[in-house]
Novice: 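Can you read through this structure? Questions will come right after.
In what follows, residues are counted from 1 in the order of the sequence shown. The figures that follow rest on heavy atoms only: side chains count, while hydrogens, waters and symmetry mates do not.
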Amino acid sequence: MRQLKINFDEIQKAMEDVSRDSFDYYLDLETGEVMTFSEEILNEVQSRLYPDDSDEIEDNIEYMEFDDEPDLPEWMEDEIELVLEILLDENGQYVRIPERKRSLAFTSMAAFAETVEDPALREKLLLSLDGKGAFRKFKDALLHRPGARKKWHGYNAKAMRKEIIEWLTLLGVEPVSRLSGHDDRLID
């Protein structure tokens with residue numbers, strides 16, 4: 001297993017963006033960099049790669065020509081080139097950061113609620129997890145409780161760290177935190 005310096009906070013933010021309606025995220029397995037791309041850029045690349053909504057990439061992609069060169073801003077052209085590189089990556093350098101599984105998030109919220117010492121807040125948190133809109137109700141229950149909200153964020157970050165380590169381990173990567181002054185191995 002090879003070591004890779006990563007930023008847990010960046011990966012956590014990417015995983016917690018479960019809707020992916022504005023952005024998508026990729027991890028560079030050589031540098032540990034998290035790359036964020038707008039859906040606008042990704043859609044532009046997809047339309048270039050798959051003009052007929054087919055799932056096949058032409059054999060000679062480097063020679064692909066377009067009937068009309070779209071008029072794009074320079075910043076978008078650079079990002080499109082990078083997205084093309086990522087999507088056409090055959091060496092496994094880039095991997096899409098997956099969304100956090102709802103079941104794991106729900107389990108973390110329930111486990112945290114059980115640790116809350118204030119019986120009224122604990123009951124409110126546990127009740128918030130029942131039925132539709134549980135995630136929103138849980139956050140709302142903590143809205144006016146800054147101390148409990150801070151504890152939740154710490155608890156959630158610790159749970160996410162374990163999930164990130166498990167995901168990276170499946171990829172053959174041993175994560176090393178970029179935030180520490182030295183290379184601490186992060187196996188729990």
Novice: Using every non-hydrogen atom in the two residues, find where Leu168 and Pro175 come nearest and quote the distance to one decimal.
Specialist: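 Shortest heavy-atom contact: CD1-CB, 3.7 Å.
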
Novice: Please determine whether a side-chain nitrogen of the Lys or Arg among Arg100 and Asp17 lies less than 4.0 Å from a carboxylate oxygen of the Asp or Glu.
Specialist: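 No, Arg100 and Asp17 are not salt-bridged.
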
Novice: Determine whether Ile165 and Leu171 fall in the same hydrophobic cluster, where Ile, Leu, Val, Met, Phe, Trp and Tyr are linked whenever their side-chain heavy atoms lie under 4.5 Å apart.
Specialist: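 In one cluster: yes.
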
Novice: Tell me whether Leu84 shares a hydrophobic cluster with Leu87, the cluster being built from Ile, Leu, Val, Met, Phe, Trp, Tyr side chains joined at under 4.5 Å.
Specialist: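 Cluster IDs for Leu84 and Leu87 match.
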
Novice: Centroid separation under 6.0 Å, is that true for the rings of Phe112 and Tyr155?
Specialist: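 For Tyr155 and Phe112, the ring centres are under 6.0 Å apart.
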
Novice: Rounded to the nearest 0.5 Å, what separation is found between the NZ atom of Lys13 and the CG atom of Asn7?
Specialist: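 These two atoms lie 7.5 Å from each other.
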
Novice: Going by heavy atoms in the side chains, are Val116 and Trp152 under 4.5 Å from each other?
Specialist: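 No, too far: nothing below the 4.5 Å cut-off.
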
Novice: I'd like to know whether CG of Asp130 has more than 12 heavy-atom contacts from other residues, nucleotides or ligands below 6.0 angstrom.
Specialist: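 At most 12 heavy atoms, drawn from other residues, nucleotides or ligands, come within 6.0 Å of this atom.
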
Novice: Considering non-hydrogen atoms only, spot the tightest contact between Leu125 and Ala113 and give its length.
Specialist: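 Closest pair (atom of Leu125, atom of Ala113, distance): CB-CB, 3.8 Å.
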
Novice: Say whether Trp167 and Leu104 are linked into one hydrophobic cluster, either directly or through other cluster members, by side-chain heavy-atom distances under 4.5 angstrom.
Specialist: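 No, because Trp167 and Leu104 fall into different hydrophobic clusters, even though each may have its own neighbours under 4.5 Å.
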
Novice: Mind running side chain to side chain contact (heavy atoms under 4.5 Å, CB included) on Glu39 and Asp21 for me, showing each step along the way?
Specialist: CA-CA 7 Å; Glu39 282 299 313; Asp21 56 358; 5.9 Å; no

Novice: Taking all non-hydrogen atoms of both residues into account, name the closest pair between Met15 and Ile164 and its distance.
Specialist: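 That closest heavy-atom pairing would be SD-CG1, 3.6 Å.
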
Novice: Flag this pair as yes if the NZ/CZ of Arg161 is under 6.0 angstrom from the six-membered ring centre of Phe8 and inside a 45 degree cone about the axis; otherwise no.
Specialist: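 Because its charged atom sits under 6.0 Å from the ring centre and within 45° of the axis, Arg161 does stack over Phe8.
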
Novice: Could you go through the side chain to side chain contact (heavy atoms under 4.5 Å, CB included) check for Leu29 and Arg2 one step at a time?
Specialist: CA-CA 10 Å; Leu29 293 175; Arg2 68 172 206 250; 3.0 Å; yes

Novice: So does Lys151 have more than 12 non-hydrogen atoms from other groups sitting under 6.0 Å from NZ?
Specialist: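 For Lys151, atom NZ is not crowded (no more than 12 foreign heavy atoms under 6.0 Å).
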
Novice: Find out whether Gln93 and Ile86 are in side-chain contact, i.e. whether some heavy atom of one side chain is under 4.5 Å from a heavy atom of the other.
Specialist: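 Gln93 vs Ile86: side chains apart.
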
Novice: How long is the straight-line distance from CE of Met35 back to CG of Asp24, given to the nearest 0.5 Å?
Specialist: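 Those atoms lie 11.0 Å apart.
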
Novice: Would you give the length of the straight line joining atom OG of Ser128 to atom CG of Leu142, rounded to the nearest 0.5 angstrom?
Specialist: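 It is 7.5 Å, given to the nearest 0.5 Å.
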
Novice: Within this structure, what is the CD1-CD1 distance for the pair Ile11 and Ile97, rounded to the nearest 0.5 Å?
Specialist: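 Reported value, rounded in 0.5 Å steps: 5.5 Å.
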
Novice: Does Leu88 share a hydrophobic cluster with Val45, counting links as ILVMFWY side-chain heavy atoms below 4.5 Å and allowing steps through other members?
Specialist: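 As far as the 4.5 Å side-chain criterion goes, Val45 and Leu88 are connected within one cluster.
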
Novice: Can you confirm whether Glu174 sits close enough to Thr169 that some side-chain heavy atom of one is under 4.5 Å from a side-chain heavy atom of the other?
Specialist: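 They are not in side-chain contact.
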
Novice: Going by an N to O cut-off under 4.0 Å, is there a salt bridge joining Arg136 and Asp140?
Specialist: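 Salt bridge: yes.
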
Novice: Mind checking the CZ-NZ spacing from Arg145 to Lys124? Nearest 0.5 Å is all I need.
Specialist: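 Going from CZ on Arg145 over to NZ on Lys124, the span is 8.0 Å.
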
Novice: List the steps and the verdict of side chain to side chain contact (heavy atoms under 4.5 Å, CB included) for Val176 and Leu4.
Specialist: CA-CA 6 Å; Val176 177; Leu4 181 66; over 6 Å; no

Novice: Could you tell me whether the side chains of Asn156 and Glu16 share a donor-acceptor contact shorter than 3.5 Å?
Specialist: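 Yes, Glu16 and Asn156 have a side-chain donor paired with an acceptor closer than 3.5 Å.
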
Novice: When you compare the side chains of Glu85 and Tyr94, does any donor N or O come within less than 3.5 Å of an acceptor on the partner?
Specialist: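 Looking only at side-chain atoms, Tyr94 and Glu85 do form a donor-acceptor pair, the distance falling under 3.5 Å.
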
Novice: Could you check whether any side-chain heavy atom of Ser177 comes within less than 4.5 Å of a side-chain heavy atom of Lys5, counting everything from C-beta outward?
Specialist: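 No, their side chains stay 4.5 Å or more apart.
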
Novice: Check the pair Tyr26, Glu33 against side-chain hydrogen bond (donor to acceptor under 3.5 Å, both in side chains), reporting the backbone distance first and the verdict last.
Specialist: CA-CA 8 Å; Tyr26 291 83; Glu33 179 185 3; over 6 Å; no

Novice: Which heavy atom in Ser38 sits nearest to a heavy atom in Phe23, and how many Å separate them?
Specialist: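 Looking at all heavy atoms of both residues, the shortest contact is CA-CD2, 3.7 Å.
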
Novice: Going from CD on Gln12 to CD1 on Ile6, what distance comes out if it is rounded to the nearest 0.5 angstrom?
Specialist: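 Separation between the atoms: 11.0 Å.
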
Novice: Do you know which two heavy atoms are closest between Met109 and Leu129, and how far apart they sit?
Specialist: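 Answer, listing the atom of Met109 first, then Leu129: CE-CD2, 3.6 Å.
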
Novice: Under the side chain to side chain contact (heavy atoms under 4.5 Å, CB included) criterion, do Ser108 and Glu163 qualify, and how do the steps go?
Specialist: CA-CA 11 Å; Ser108 292; Glu163 292 172 34; 4.2 Å; yes

Novice: Of the non-hydrogen atoms in Leu121 and Ala141, which two are nearest, and what is the gap between them?
Specialist: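 Of all heavy-atom pairs spanning Leu121 and Ala141, the closest is CD1-O, 3.8 Å.
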
Novice: Heavy-atom distance under 4.5 Å between the side chains of Arg20 and Tyr25, does that happen here?
Specialist: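 Yes, their side chains come closer than 4.5 Å.
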
Novice: Could you check whether any side-chain heavy atom of Arg96 comes within less than 4.5 Å of a side-chain heavy atom of Leu27, counting everything from C-beta outward?
Specialist: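 In short, these two side chains do not touch, never coming nearer than 4.5 Å.
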
